[in-house]
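Chain identifiers are assigned alphabetically (A, B, ...) following the order of the sequence lines, protein sequences preceding nucleic acid strands; residue numbering begins at 1 within each chain.
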Amino acid sequence: AYTQQTDTLPFPNINSKWYESISIGGYVQARYNRLLETNPDLECSQCDASWGEGGGFSLRRVRIKLSGNIGKHVYFYIQPDFASSSAGPGLHYGQLRDAYMDVSIDQNREFRFRIGQSKVPYGFENMQSSQNRLPLDRNDGMNSAIKNERELGVFFYWAPKEIRSRFSMLTREGLKGSGDYGVVGLGIYNGQTGNATELNNELHVVGRVSYPFKLGKQIIEPGIQAYTGEYQIPLYNISEGTIVNPDLNYIDQRAALTFVLYPQPFGIQAEYNVGRGPEFNKENNTIEETPLKGGYATITYKTIVANQLFYPFIRYQYYDGGKKFERDARSYEVSELEIGIEWRPVKAFEFVAMYTISSRRFEDFQNQNNLQEGRLLRLQAQVNF
Amino acid sequence: AYTQQTDTLPFPNINSKWYESISIGGYVQARYNRLLETNPDLECSQCDASWGEGGGFSLRRVRIKLSGNIGKHVYFYIQPDFASSSAGPGLHYGQLRDAYMDVSIDQNREFRFRIGQSKVPYGFENMQSSQNRLPLDRNDGMNSAIKNERELGVFFYWAPKEIRSRFSMLTREGLKGSGDYGVVGLGIYNGQTGNATELNNELHVVGRVSYPFKLGKQIIEPGIQAYTGEYQIPLYNISEGTIVNPDLNYIDQRAALTFVLYPQPFGIQAEYNVGRGPEFNKENNTIEETPLKGGYATITYKTIVANQLFYPFIRYQYYDGGKKFERDARSYEVSELEIGIEWRPVKAFEFVAMYTISSRRFEDFQNQNNLQEGRLLRLQAQVNF
Amino acid sequence: AYTQQTDTLPFPNINSKWYESISIGGYVQARYNRLLETNPDLECSQCDASWGEGGGFSLRRVRIKLSGNIGKHVYFYIQPDFASSSAGPGLHYGQLRDAYMDVSIDQNREFRFRIGQSKVPYGFENMQSSQNRLPLDRNDGMNSAIKNERELGVFFYWAPKEIRSRFSMLTREGLKGSGDYGVVGLGIYNGQTGNATELNNELHVVGRVSYPFKLGKQIIEPGIQAYTGEYQIPLYNISEGTIVNPDLNYIDQRAALTFVLYPQPFGIQAEYNVGRGPEFNKENNTIEETPLKGGYATITYKTIVANQLFYPFIRYQYYDGGKKFERDARSYEVSELEIGIEWRPVKAFEFVAMYTISSRRFEDFQNQNNLQEGRLLRLQAQVNF
């Protein structure tokens, strides 16, 4: 911490009090998913491990964020999650989500390089914090691109100062923005998804353009993004008997369109992507390179009743493709409708109730014919600090 | 963090400085247990893994607490421990102990719902922080109820404002209080103990009543508590060859009485519980549902010498029953006398020396005839921040 | 936290604001090691797991430090690292590096006992923070003594007040000091290296003397240090087929000389040690007690150009011996030349480019003839907060 000030270094004294340059915040999400459940075999391991048979109360996310502007050119952000699993039966270990530094070329911080582990600029809902998202989990279609949304790499972001303020306002004012990932974002990264060891010698490349237009009082944000690279299936995810490419590497590429109308009071958020990647084929027990497609549309209404915020919402999502980071690049076909409401009676607390009507086929070598359909009520309490 | 203030949300600005609403503290306990040891095979894995053969210096607890009142109705508390084990040989991983939010119905916070992972209101010594407890480890009799004392669930606490202040004072003034778990506490929780995955579809239920009466200068706190539920033995804790119930589920229920006279200067703390739960039977290599019983009594004296605090103490404890969360619901019979002193020369530092005279029978499928008796001196240095 | 003040305890109120007695800081190191690489099989697992084949962007260290003086006699320091591995494939778990309390006998804090997990006073470069070190990794010769440089134990440090200020200045002013480990340091510790379970009943003993002399404007710091003990090879590090001592214990002892001329602007840092310890012998597949020797010399130049700091440096290092904490006490012979520069354009950000010319023989039971030679460019971005 920079409470220790120096005279002989060529740098001006930044801030003599650590707590004015470093800020701490975070949130906790506690859930219960077992009410009105019609099918205990309906599950979604990427979404929420406490769905279905044997589930109970759970902590989905316990996030502590440290961040701060350290001088005019440098910003840092570190976010461990204390609801992470480890090898073995224990829950709730601390594991990084983000750990990066932003180095700006200019003092307005319009041109930034982001180095470390951070979110890949692919998908609006992927970049929107789970602290702000209305549906309890991200959609399978876009989120199957990058587990935990993050990668180790270097990213470049550009946004004019005015648009940076607008991005900031969209989150701050309860409009469920995605945060500031630039008007233009470019990056190279390992491609094995966050918190995973790089395995091949190929880096992924990603690009994105997104702009929040003002149309009178309304703000819309269309966006376009794409990435390409080679993903190597880790040995621990390959069942004995599954046939794979000799070098375990598979093409992994996608392109997506985004449209957002921010909820003032009526909002729309829709994304769709197509691509190619590894997927288990139960006909021949082989992980093959296949096409994939999917997306979602969410309709929201923001309203204030008795000085409390309410966001009723409805989301439909669809996905047909593999999840490269799951067992045998598990094959998915998902069609899901969610109807819910977020209630925020005071600033620090939110409660979400969501009724989910779902059809999920998820198949790997060990679980070859597995179409699960059902309905359930899902509840979440969240504290923001 | 709420340095970002908004105008269009319906909430008043709470606090513009994060460090005034969020508070950070904690403590570290370092130990050495090998002096005057008469039997290196005398161990207690739930108490302290560095007891006995091969042990050395150890960190028993490294706790960092983040907490704060965020507005008038919401409080949060997150406490990772950085002395936790993980799968594999490494020590000192960060793992949650607590992560919960208190949501109060009233502005006096007399009626609170606690959501997340938190201590189960069962037993005074269980709820008393290890930062304040005199004996180095909790008694087996009550603490065998819930490993790490915590569960995922929802709890309701009620206490009048005046009694909340009294609970707070009892900790703050060095009287070794248990913290504020209400005059009445009720809860539902998973029942597999903290940081463990829920396995069956049954929730546990707990209730407790406790009241700190003023009798002149003295304060006494009698209490009563009970819980019931079904515990599922996790597969990783069952030895090959052990016979178990077909569905692995066992009744898990207990009731306990508590009596506390706070040390002004002379104190008594005593608890006793009876119940039923799974226990390994070496006669037939079976985990059976058996009765259990046990408790303890601690006698304390608080004194100030040369502006330093001293707490001589003596504790006798007894337990006869299983520990459901250990291998094969390990069978225990414990009889232990501890004579010790806590010395607190300055506010931030405490040192405990404790002589333990112990008889412990602990048996599972792999270790069938194992009665260990012995004596040892145990030392602990603790820093509070 | 001490926002809760008491009247009846015998201690004066220390500090009513937690953030004035507790300080938070840290740093993040992100790396890329694959440029100009001539041999993908050249690796160094203790140095940096992302060297060589299959490597990519990586986080080498993500450190968060909590520390503070709590009253006149007590200081604490807790430092988790969030770039630690665990069992299983996941990266970036939080694991302790340091957790200790300093208890001073005198109010000037000249005589201190340090209790917990902390750096062993053996080697200048070992004790110098990675935040300050110029070469990206520590030298094998000295750093093979203690993995992660830390142990559980009790250490005593003495330094006069004036010298404590000088140690502090040497770090603060960008002179790449090692921090304050006393003019005299003595300690006892487990000896299995940090974050590892103690296995035998023998403690290690260490002693060190180091003094920063002022010679006109220049400061030199000669030092001498030694330790001795018994190390037990953990079972998980012994390959099937390797022959070991019946009780797995091996003598582990070393002595070292240090010479430092601090860079004003020209600096020299050199250390050499000899000793004995376990080492794999491929001739007879046995872990034997063998002699070991090795050290390094670093030459540095500190210069300011356009209000930015630059530190060009060159280091040569050599090591011949075992690494007791690696598989089969892996046998090493290392000869390595590094030429690099650290660039610090602003206070919070540093960038290091280092060209490494290396010859490394590292052999165990599973990898018996393994001499790797090659060159590579290594890059690191670091943020300090």
Exercise for the section: Drop me the distance from A:S23's OG to B:I22's CD1, to the nearest 0.5 angstrom. Expected result: 7.5 Å
Exercise for the section: Give a yes or no on whether the backbone of A:F57 and the side-chain of B:N190 come within a donor-acceptor separation of less than 3.5 Å. Expected result: yes
Exercise for the section: Could you tell me whether the side chain of B:Q95 and the main chain of A:L91 form a donor-acceptor pair under 3.5 Å? Expected result: yes
Handout entry: Pairs of heavy atoms under 4.5 Å with chain A: top-ranked of B:S85, B:G88, B:P234, B:G68
Key = B:S85
Practice task
Find out whether A:I24 and B:I24 are in side-chain contact, i.e. whether some heavy atom of one side chain is under 4.5 Å from a heavy atom of the other.
Solution key: yes
Problem - B:Y19 versus A:E20, closest heavy-atom pair with distance - result: OH-OE2, 3.8 Å
Exercise for the section: Measure distances from B:A99 to the heavy atoms of chain A and classify the residue's part below 4.5 Å as side chain, backbone, both or neither. Expected result: both
Practice task
Check whether any side-chain N or O of B:N201 sits under 3.5 Å from a backbone N or O of A:G54 as a donor-acceptor pair, and report yes or no.
Solution key: yes
Handout entry: Check: A:Y32 and B:L203 side chains under 4.5 Å, non-hydrogen atoms
Key = yes
Fill in the blank from the handout: Pair count under 4.5 Å, heavy atoms only, with chain B: among A:E53, A:M169, A:Q308, A:Q29, highest is A:E53
Handout entry: Most chain B-contacting option - heavy-atom pairs closer than 4.5 Å, from A:Q382, A:H92, A:R34
Key = A:H92
Practice task
Check the angle between the aromatic planes of B:F76 and A:F385 and answer parallel, tilted or perpendicular using the 30° and 60° thresholds.
Solution key: parallel
Exercise for the section: Measure distances from A:V62 to the heavy atoms of chain B and classify the residue's part below 4.5 Å as side chain, backbone, both or neither. Expected result: side chain
Handout entry: Audit row: B:S86, A:Y93, side-chain contact (heavy atoms from CB on, under 4.5 Å) steps and yes/no
Key = CA-CA 8 Å; B:S86 179; A:Y93 288 96; 4.1 Å; yes
Practice task
Using non-hydrogen atoms and a 4.5 Å limit, figure out which bit of B:L66 sits close to chain A: side chain, backbone, both or neither.
Solution key: side chain
Practice task
Would you give the length of the straight line joining atom CD1 of A:I64 to atom CD1 of B:I64, rounded to the nearest 0.5 angstrom?
Solution key: 8.5 Å
Handout entry: Test side-chain contact (heavy atoms from CB on, under 4.5 Å) applied to A:L59 and B:L96, step by step
Key = CA-CA 11 Å; A:L59 289 169; B:L96 272 189; 3.8 Å; yes
Problem - Which atom of A:A87 lies closest to which atom of B:A87, heavy atoms considered - result: O-CB, 3.3 Å
Handout entry: Toward chain B, the part of A:Y27 with a non-hydrogen atom under 4.5 Å
Key = neither
Exercise for the section: Kindly give the heavy-atom pair with the smallest separation between A:F82 and B:P80, and that separation in Å. Expected result: CE2-CB, 3.6 Å
Exercise for the section: Of all the heavy-atom pairs spanning A:L309 and B:P10, show the shortest one and how long it is. Expected result: CG-CD, 3.8 Å
Problem - Toward chain B, the part of A:P345 with a non-hydrogen atom under 4.5 Å - result: backbone
Handout entry: Minimum-distance pair of heavy atoms, taken over all atoms of B:I115 and A:A381
Key = CD1-CB, 3.9 Å
Handout entry: Heavy-atom closest contact (A:A348 atom, B:I70 atom, distance)
Key = CB-CG2, 3.2 Å
Handout entry: Pairwise distance CE(B:M101) to CD(A:E350) - rounded to 0.5 angstrom
Key = 10.0 Å
Handout entry: Close side-chain approach of B:L9 and A:R344, heavy atoms under 4.5 Å
Key = yes
Problem - Structural part of B:L199 lying under 4.5 Å from a heavy atom of chain A - result: backbone
Exercise for the section: Tell me, for B:Y189 versus chain A, whether the close heavy atoms (under 4.5 Å) come from the side chain, the backbone, both or neither. Expected result: backbone
